[in-house]
Amino acid sequence: MKKILIIVFMMSFCVEAQEKFNVYFDFDKYDLNEAAVKKINTWIAEGKDYEVTKLYGFCDWKGTSQYNDTLALKRVYVVYDFLKATKVAVKKDIEIRGFGKDFEQSKVQGENRRVTLIFQEKKGIATVKNADLQLKKQVDSSKKGDLIRLPNLYFYNNSAKIVPKSQPVLYDLLCVLVDNPKLKIEIQGHICCKLPNEAESVSAARAKAIYNFLILNKIDRKRLTYKGYGVTRPIYTIPEKNALEEEENRRVEILILEKE
């Protein structure tokens with residue numbers, strides 16, 4: 001089964017976050033052009049002790065799926081070889097994936113012909129392993145009826161619009177659903193601060209935003225439901241005592257409905 005894009009698992013609190021950048025390719029080519037080489041070298045010139053953890057390759061919509069799958073992987077391995085040749089640290093079990101044209105395409109075709117590099121500073125690696133379980137591991141160890149919070153998923157104030165830095169969480173969830181075709185979930189939205197008798201529309205809209213993202217990326221709608229719970233299920237009593245408690249209450253969770 002084809003894999004869908006996972007970008008990066010965002011870390012919280014004192015853990016150093018993973019980062020990413022894209023290098024772009026010419027139409028129907030997999031060799032690095034001058035602009036791509038310059039971009040990678042500029043990143044290397046920052047001089048930080050980075051380690052590349054994931055490489056994902058993509059293509060535009062032209063050509064067959066089989067052709068584009070192969071082309072995407074060729075692009076990934078060209079970047080991989082360049083990193084090794086320039087002595088960039090690459091994680092021993094680096095995740096390499098080619099998505100061909102099987103992803104939500106940009107209207108600007110040049111933006112689809114790319115490889116995404118995901119990296120982190122080495123000093124954060126040991127801490128990350130103990131700081132948070134990845135969503136995949138949480139789902140793998142879950143059972144029907146379990147609730148799992150989507151980590152580091154933030155929205156603009158009083159809005160269902162997700163902040164850009166939280167996009168990777170969506171792709172983590174998307175990949176989990178792709179890898180577990182029998183998995184069915186309810187997406188649950190929660191808000192903070194408001195009184196229990198106030199409208200739950202924001203929490204429902206946030207849950208629906210995630211639902212819509214998954215549908216757009218070819219997850220069967222029969223596997224998904226969504227609901228907004230407003231402030232009826234707070235972690236901390238409302239009114240919250242501080243910003244941290246507000247943040248904990250303002251969350252999205254998934255309820256495991258069915259699992260293989």
Quiz item: Among all residues two or more places apart in sequence or in another chain, which pass the ring-ring contact (aromatic ring centres under 6.0 Å, His included) test with Tyr211?
Solution: Tyr226
Exercise. Check the pair Asp220, Arg223 against salt bridge (Lys or Arg N to Asp or Glu O under 4.0 Å), reporting the backbone distance first and the verdict last.
Key: CA-CA 6 Å; Asp220 188 342; Arg223 300 172 58 193; over 6 Å; no
Quiz prompt | N/O donor-acceptor pair under 3.5 Å between Thr53 side chain and Ile118 backbone | solution = yes
Quiz prompt | side-chain hydrogen bond (donor to acceptor under 3.5 Å, both in side chains) partners of residues 75-90, not counting sequence neighbours, each pair once | solution = none
Exercise. For the pair Arg149 and Glu248, find out whether any cationic side-chain nitrogen is under 4.0 Å from an anionic carboxylate oxygen.
Key: yes
Quiz item: Would Asp102 and Lys218 satisfy salt bridge (Lys or Arg N to Asp or Glu O under 4.0 Å), going step by step from the backbone distance to the final call?
Solution: CA-CA 9 Å; Asp102 240 0; Lys218 303 180 182 180; 3.0 Å; yes
Exercise. List, by chain and number, the other hydrophobic cluster members for Tyr236, where Ile, Leu, Val, Met, Phe, Trp and Tyr join if side-chain heavy atoms come within less than 4.5 Å, directly or indirectly.
Key: Ile235
Self-check item: Centroid-centroid distance, Phe58 to Phe103, less than 6.0 Å
Solution: yes
Quiz item: Any ion pair linking Asp146 and Lys259 (charged N to carboxylate O, less than 4.0 Å)?
Solution: no
Quiz item: Just by distance, do the side chain of Asn249 and the backbone of Ile191 share a donor-acceptor pair under 3.5 Å?
Solution: no
Quiz prompt | Residues forming a ring-ring contact (aromatic ring centres under 6.0 Å, His included) with Tyr24, sequence neighbours excluded | solution = none
Quiz item: Going by side-chain heavy atoms closer than 4.5 Å, which hydrophobic residues are tied to Trp61, directly or by a chain of links?
Solution: none
Practice problem: Kindly assign one of parallel, tilted or perpendicular to the pair Tyr50 and Trp43, based on the angle between their ring planes and the thresholds 30° and 60°. | Solution: parallel
Quiz item: To the nearest 0.5 Å, how far apart are OG1 in Thr116 and CG in Leu55?
Solution: 9.0 Å
Quiz item: If you link I, L, V, M, F, W and Y whenever their side-chain heavy atoms are under 4.5 Å apart, who else ends up in the same group as Leu257?
Solution: Leu147, Leu255
